[in-house]
Amino acid sequence: MAAEGSTKAVVTALIANLGIAVSKFVAAAMTGSASMLAEGVHSVADSTNQALLLIGGKRARRAPSALHPFGYARERYIYAFIVAIVLFSIGGLYALYEGYHKISDPHELTSPLIAVAVLVIAIALESYALYTAVKEANKVRGNRGWVSFVRHARAPELPVILLEDAGALLGLVFALGGVGLSVLTGNAIFDGIATLCIGALLVVIAVVLAAETKSLLIGEAALPEEITAIHTELVSTPGVDGVIHLRTLHLGPEDLLVAAKIAIGTVDRGVDVAATIDDAEARIRRVLPTATAIYLEPDIDRRSVPAVEPAGHSG
C-alpha cells in the first residue's frame with residue numbers, strides 16, 4: 001500500500017508540474033519576469049525528479065541476481081539522492097544566478113497580469129498535488145509529526161514529493177509577491193529578490209533531501225517500534241530464553257534484514273532448535289511483513305550459565 005500511495009503521489013505531481021512548466025515559460029517569455037523563469041526551471045527540475053523517482057521504483061523491482069542476492073530495492077534511495085542533486089543544481093543554483101542577474105540589471109515587466117494569472121493557476125495545481133501527497137502520507141505516517149515523518153520515513157518518494165510540493169507552493173508565493181511588488185512600485189528589483197528567495201529555498205530543500213537520503217544509502221535500522229515488536233516476538237517464542245543481540249537493516253523501503261543471536265537451553269536437541277527458529281521467524285513475519293530476510297543464530301547465554309567448579313578442587 002505504501003508503494004502504491006507513493007506512486008500515485010509522484011504521478012500526480014509529475015502531471016501537474018509538466019503543465020505548470022509550459023505555462024510558466026510562456027508567461028516568462030511574454031513578461032520578462034526572472035522569477036517566472038526561475039519558477040519554470042523549478043517545475044522542469046521537479047518534473048525530472050518525479051520521472052527519476054518512477055524510474056528508480058521500476059528498477060528496484062528487478063529480481064535478485066547472483067551479484068545482488070538481496071535484490072535492487074536500494075535503487076529507490078539512489079534515485080532519490082540524484083533528485084536532491086538535480087534540485088540543487090538545476091533548480092536552486094539557476095534561480096540564484098537569475099536573481100543576481102535581474103538585480104544587477106533590472107528590466108521593467110511587460111503584461112504582468114499574464115504572470116499573475118499563470119501563478120494563480122499554478123498555485124491551484126500545486127495545491128492539489130500537495131493535497132494528494134499529504135493524503136497518501138497520512139495513510140502510513142501514523143502518529144508521527146510531519147518533521148518526524150520526513151526524517152524517519154524509510155520510503156523516499158513521499159518525503160521527496162512533500163518537500164518538493166511544499167517548496168513549489170512557497171516558491172509560487174515568492175514569485176507572486178515579486179511580480180506584484182514590481183508592478184506596484186515600478187521597480188523590477190523586487191522580481192529579482194523573489195528569484196533569489198526561490199533559489200535559496202530550493203537549495204535548502206535539496207540539502208535536507210540529500211542529508212536524509214544519504215542516511216538511507218548508508219543503511220538505517222528499523223523504526224524503534226518495529227525493533228521492539230521483533231524483540232517481543234523473539235522472547236515470547238517457546239524455546240527462546242532471551243535475545244543476546246539484535247540487528248536490523250533496511251535493504252530497501254519494504255525490505256528489512258533481521259539478524260539476531262538468540263539464547264536457547266543448554267540441553268536442547270538440534271531438531272528442537274530448528275523448530276524454535278522456524279517458529280520465531282514466522283512470528284516476526286506475521287507482525288512485520290517487511291522482514292524479508294531473517295537470520296537467527298542460536299547460542300548459549302553465558303551470562304545465565306552458572307560457573308562450574310573445576311574438577312579436583314577441594315575445600
Side-chain angles (χ1 to χ4, degrees), residues 1-10 13 45-46 48-62 64-65 67-89 91-92 133-134 136-167 202-230 246-259 288-295:
M1 182 177 292
E4 292 176 358
S6 298
T7 301
K8 180 179 179 180
V10 172
D46 282 352
T48 303
N49 292 341
Q50 285 129 27
L52 286 170
L53 291 176
L54 292 175
I55 293 171
K58 182 177 181 180
R59 291 180 61 84
R61 291 192 291 270
R62 289 180 295 167
S65 63
L67 184 61
H68 300 282
F70 288 107
Y72 296 85
R74 283 199 178 184
E75 290 240 26
R76 290 168 67 180
Y77 297 154
I78 294 172
Y79 277 84
F81 190 76
I82 296 174
V83 162
I85 296 173
V86 171
L87 194 63
F88 178 83
S89 57
V134 169
E136 296 303 324
N138 279 332
K139 296 178 182 178
V140 295
R141 75 182 179 100
N143 295 324
R144 285 174 291 168
W146 288 108
V147 174
S148 177
F149 174 72
V150 170
R151 291 195 60 191
H152 301 295
R154 299 303 187 255
E157 292 85 359
L158 281 174
V160 169
I161 294 299
L162 283 168
L163 286 175
E164 279 191 351
D165 288 347
L202 294 180
V203 168
V204 170
I205 292 175
V207 169
V208 171
L209 286 178
E212 294 301 325
T213 310
K214 183 194 75 170
S215 180
L216 292 171
L217 281 171
I218 293 172
E220 291 189 356
L223 295 171
E225 59 267 26
E226 294 174 335
I227 295 175
T228 300
I230 294 170
L246 171 63
R247 302 288 186 271
T248 62
L249 177 69
H250 268 278
L251 303 171
E254 281 90 38
D255 296 276
L256 182 66
L257 168 67
V258 178
L288 199 62
T290 55
T292 55
I294 302 175
Y295 298 96

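This chain uses plain numbering: 1 for the first residue, then up along the sequence.
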> Passes side chain to side chain contact (heavy atoms under 4.5 Å, CB included), Val258 versus Tyr295? Steps please.
Replying inline: CA-CA 6 Å; Val258 178; Tyr295 298 96; over 6 Å; no

>> Taking salt bridge (charged side-chain N to carboxylate O under 4.0 Å, His left out) as the definition, give me every residue that meets it alongside Glu75, ordered by chain and number, with sequence neighbours left out.
In response: Arg59, Arg62

>> Once you measure the plane-to-plane angle for Trp146 and Phe149, does it fall in the parallel (<30°), tilted (30-60°) or perpendicular (>60°) bin?
In response: perpendicular

>> To the closest 0.5 Å, what do you measure between NE2 (His152) and CG (Leu216)?
In response: 11.5 Å

>> Rounded to the nearest 0.5 Å, what separates atom NE2 in His250 from atom OH in Tyr77?
In response: 6.0 Å

> Excluding sequence neighbours, so at least two apart, what forms salt bridge (charged side-chain N to carboxylate O under 4.0 Å, His left out) with Arg144?
Replying inline: none

>> Using 0.5 Å steps for rounding, measure from the CG atom of Leu257 to the CZ atom of Phe70.
In response: 5.5 Å

> Who pairs with Arg154 by salt bridge (charged side-chain N to carboxylate O under 4.0 Å, His left out), at least two apart in sequence or on another chain?
Replying inline: Glu220

> Can you find a pair of side-chain heavy atoms, one from Thr290 and one from Asp255, that are under 4.5 Å apart?
Replying inline: no

> Step by step, would you call Thr292 with Leu256 a side chain to side chain contact (heavy atoms under 4.5 Å, CB included)?
Replying inline: CA-CA 6 Å; Thr292 55; Leu256 182 66; 5.7 Å; no

>> Quick check: do Thr213 and Val83 have side-chain heavy atoms less than 4.5 Å from each other?
In response: no

>> Let me confirm one number: the CD1-CD1 distance from Ile78 to Ile55, rounded to the nearest 0.5 Å.
In response: 13.5 Å

>> List the residues meeting side chain to side chain donor-acceptor pair (under 3.5 Å) with Glu164, not counting sequence neighbours, and say none if there are none.
In response: Asn49, Gln50

> Going through the distances and angles, do Phe88 and Leu202 end up as a side chain to side chain contact (heavy atoms under 4.5 Å, CB included)?
Replying inline: CA-CA 6 Å; Phe88 178 83; Leu202 294 180; over 6 Å; no

> Given the rule in the salt bridge (Lys or Arg N to Asp or Glu O under 4.0 Å) test, do Arg76 and Glu254 qualify, once you have shown the distances and angles that lead to the verdict?
Replying inline: CA-CA 11 Å; Arg76 290 168 67 180; Glu254 281 90 38; 2.7 Å; yes

> Is any side-chain heavy atom of Ile82 less than 4.5 Å from a side-chain heavy atom of Val86?
Replying inline: yes

> Once you round to the nearest 0.5 Å, how far does CD1 of Ile218 lie from CG of Leu249?
Replying inline: 11.5 Å

> What residues, two or more places apart in sequence or in another chain, satisfy side chain to side chain donor-acceptor pair (under 3.5 Å) together with Arg74?
Replying inline: none

> Please walk me through it: do Asp165 and Asp46 pass side chain to side chain contact (heavy atoms under 4.5 Å, CB included)?
Replying inline: CA-CA 9 Å; Asp165 288 347; Asp46 282 352; 5.6 Å; no

> Taking C-beta and beyond as the side chain, do Pro156 and Tyr79 meet within less than 4.5 Å on heavy atoms?
Replying inline: no

>> Just to verify, what does Arg61 make a salt bridge (charged side-chain N to carboxylate O under 4.0 Å, His left out) with, not counting sequence neighbours?
In response: none

> Rounded to the nearest 0.5 Å, how far apart are CG of Leu158 and NZ of Lys139?
Replying inline: 10.0 Å

